[in-house]
Amino acid sequence: MRYAAFLRAVNAGKFNSFRMEDLRALLRAEGFEDVRTYLQTGNVWLQSGEADPEAVARQVEALMPALGCRDVAVMVRTEEHLRELVGLDPFGADGGTHRRFITFLREPAPAALPPHRELEVVLARPGEVFSRLDKNVRNVSPNAFIESRLKVRATTRFWNVVQEMYGLS
């Protein structure tokens with residue numbers, strides 16, 4: 001089965017830094033096939049005989065210490081699920097006035113998100129939150145807000161990155 005894996009907190013600071021080439025080699029050595037990465041922020045396409053996305057997430061997480069990483073959560077979606085998300089495109093045309101995000105949750109959200117003064121939640125699903133910020137707002141982290149309020153592990157990507165990544169599938 002084909003999966004998209006989104007690694008949380010990699011290559012974003014002094015911790016959990018590694019080359020995507022090393023990640024691809026490690027995943028291939030562990031039996032994953034057709035491994036491809038997009039950008040340097042832990043966006044991975046891979047093929048696995050495993051039918052359960054959560055099991056794939058746990059397998060990838062277990063490999064991260066071999067790259068010198070600690071506390072890396074992995075959110076995995078099937079290619080079909082990602083196709084559905086890209087097809088939703090809940091943002092519509094916003095005239096380029098907002099930065100648009102999708103946050104992948106490790107587990108379904110246990111509650112609704114409270115309102116935020118600057119972050120607009122456009123659509124919340126059990127495993128994903130689509131949100132946006134005015135382009136002039138720079139001090140708000142959608143991921144930090146969502147993780148702290150929902151008490152679940154998550155990773156956030158710019159919406160255009162996920163669209164482009166899906167285009168590579």
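- Separation of atoms CG (Asp22) and CG (Leu27) is listed at 11.0 Å; rounding is to 0.5 Å.
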Q) Between Glu30 and Gln59, is a side chain to side chain contact (heavy atoms under 4.5 Å, CB included) present by the stated rule, with each step listed? A) CA-CA 9 Å; Glu30 291 297 318; Gln59 289 172 333; over 6 Å; no

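- Summarising the geometry, atom CG belonging to Leu119 is positioned 11.5 Å from atom CG belonging to Asp134; distances are rounded to the nearest 0.5 Å.
- Residues Ile146 and Val121 fail the side-chain proximity criterion, which asks for heavy atoms closer than 4.5 Å.
- For Pro108, the side-chain contact (heavy atoms from CB on, under 4.5 Å) partners are Pro126, not counting sequence neighbours.
- For Arg117, there are no side-chain contact (heavy atoms from CB on, under 4.5 Å) partners two or more places apart in sequence or in a different chain.
- Residues Val140 and His116 approach most closely at CG1-CE1, 3.8 Å, considering heavy atoms.
- Taking the six-membered ring for Trp and the full ring otherwise, the centers of Phe101 and Phe130 sit at least 6.0 Å from each other.
- Take Glu21 and apply the salt bridge (Lys or Arg N to Asp or Glu O under 4.0 Å) test, not counting sequence neighbours, and it matches Arg19.
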Q: Could you check Glu118 against Leu133 for side chain to side chain contact (heavy atoms under 4.5 Å, CB included), going step by step and ending with a plain yes or no?
A: CA-CA 6 Å; Glu118 296 169 304; Leu133 285 168; 4.2 Å; yes

Q: With side chain to side chain contact (heavy atoms under 4.5 Å, CB included) as the test, would you mind laying out the steps for Arg24 and Arg36 before giving the verdict?
A: CA-CA 7 Å; Arg24 289 190 301 270; Arg36 291 185 282 156; 5.5 Å; no

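- Glu54 and Arg106 are joined by a salt bridge, as a carboxylate oxygen and a charged side-chain nitrogen come within less than 4.0 angstrom of each other.
- Within the 4.5 Å cutoff, side-chain heavy atoms of Leu123 are placed close to those of Leu88.
- Checked against side-chain contact (heavy atoms from CB on, under 4.5 Å), Glu164 has the following partners two or more places apart in sequence or in another chain: Tyr38, Asn160.
- The distance from the CG atom of Asn43 to the OG1 atom of Thr155 is 8.0 Å, given to the nearest 0.5 Å.
- Sorted by first and then second residue, the ring-ring contact (aromatic ring centres under 6.0 Å, His included) pairs with a member in residues 57-87 form an empty list; sequence neighbours excluded.
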Q | Worked verdict on Arg157 versus Met75 for side chain to side chain contact (heavy atoms under 4.5 Å, CB included) | A | CA-CA 12 Å; Arg157 298 296 189 270; Met75 281 37 92; over 6 Å; no

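- Residue Val122 comes nearest to Pro90 through the heavy atom pair CG1-O, 3.5 Å, listed as atom of the first residue, atom of the second, then distance.
- Across all non-hydrogen atoms, the minimal contact from Leu63 to Leu26 is O-CD2, 3.4 Å.
- Pairs passing the ring-ring contact (aromatic ring centres under 6.0 Å, His included) check and including a residue from residues 6-36, sequence neighbours excluded, read Phe6-Phe104.
- Pairing each heavy atom of Ser17 with each of Asn11, the nearest pair is CA-OD1, 3.0 Å.
- Taking every heavy atom of both residues into account, Glu50 and Ser48 meet most closely at N-OG, 3.0 Å.
- To the nearest 0.5 angstrom, Leu7 atom CG is 5.0 Å from Met64 atom CE.
- Nearest heavy atoms, Met20 versus Leu39: CG-O, 3.4 Å.
- Each of Val56, Asp71, Val72, Val74 was compared with Glu61 under the side-chain contact (heavy atoms from CB on, under 4.5 Å) criterion, and only Val74 meets it.
- Among residues two or more places apart in sequence or in another chain, the side-chain contact (heavy atoms from CB on, under 4.5 Å) test is passed with Arg149 by Leu113, Pro114, Phe145.
- Residues passing the side chain to side chain donor-acceptor pair (under 3.5 Å) test with Asn16: none are found, sequence neighbours excluded.
- Applying the salt bridge (Lys or Arg N to Asp or Glu O under 4.0 Å) rule to Glu128 yields the partners Arg77, Arg125; only residues at least two apart in sequence or on another chain are considered.
- Arg153 CZ to Asn143 CG: the interatomic distance, rounded to the nearest 0.5 Å, is 9.5 Å.
- By the side chain to side chain donor-acceptor pair (under 3.5 Å) test, Glu120 is found to be paired with Arg132, residues two or more places apart in sequence or in another chain being considered.
- Not a single side chain to side chain donor-acceptor pair (under 3.5 Å) links Arg58 to another residue, sequence neighbours left out.
- Checked against side chain to side chain donor-acceptor pair (under 3.5 Å), Trp159 has the following partners two or more places apart in sequence or in another chain: Asp89.
- Arg138 places a side-chain N or O within donor-acceptor distance of the main-chain N or O of Lys135, the cut-off being under 3.5 Å.
- Connection of Leu105 to Val86 is established within a shared hydrophobic cluster, with ILVMFWY side chains joined at heavy-atom distances below 4.5 Å, either directly or through further cluster members.
- In this structure, Leu82 and Trp45 have side chains that are in contact, with non-hydrogen atoms separated by less than 4.5 Å.
- Between atom CG of residue Asp34 and atom CZ of residue Arg2 there is a gap of 4.5 Å, rounded to the nearest 0.5 Å.
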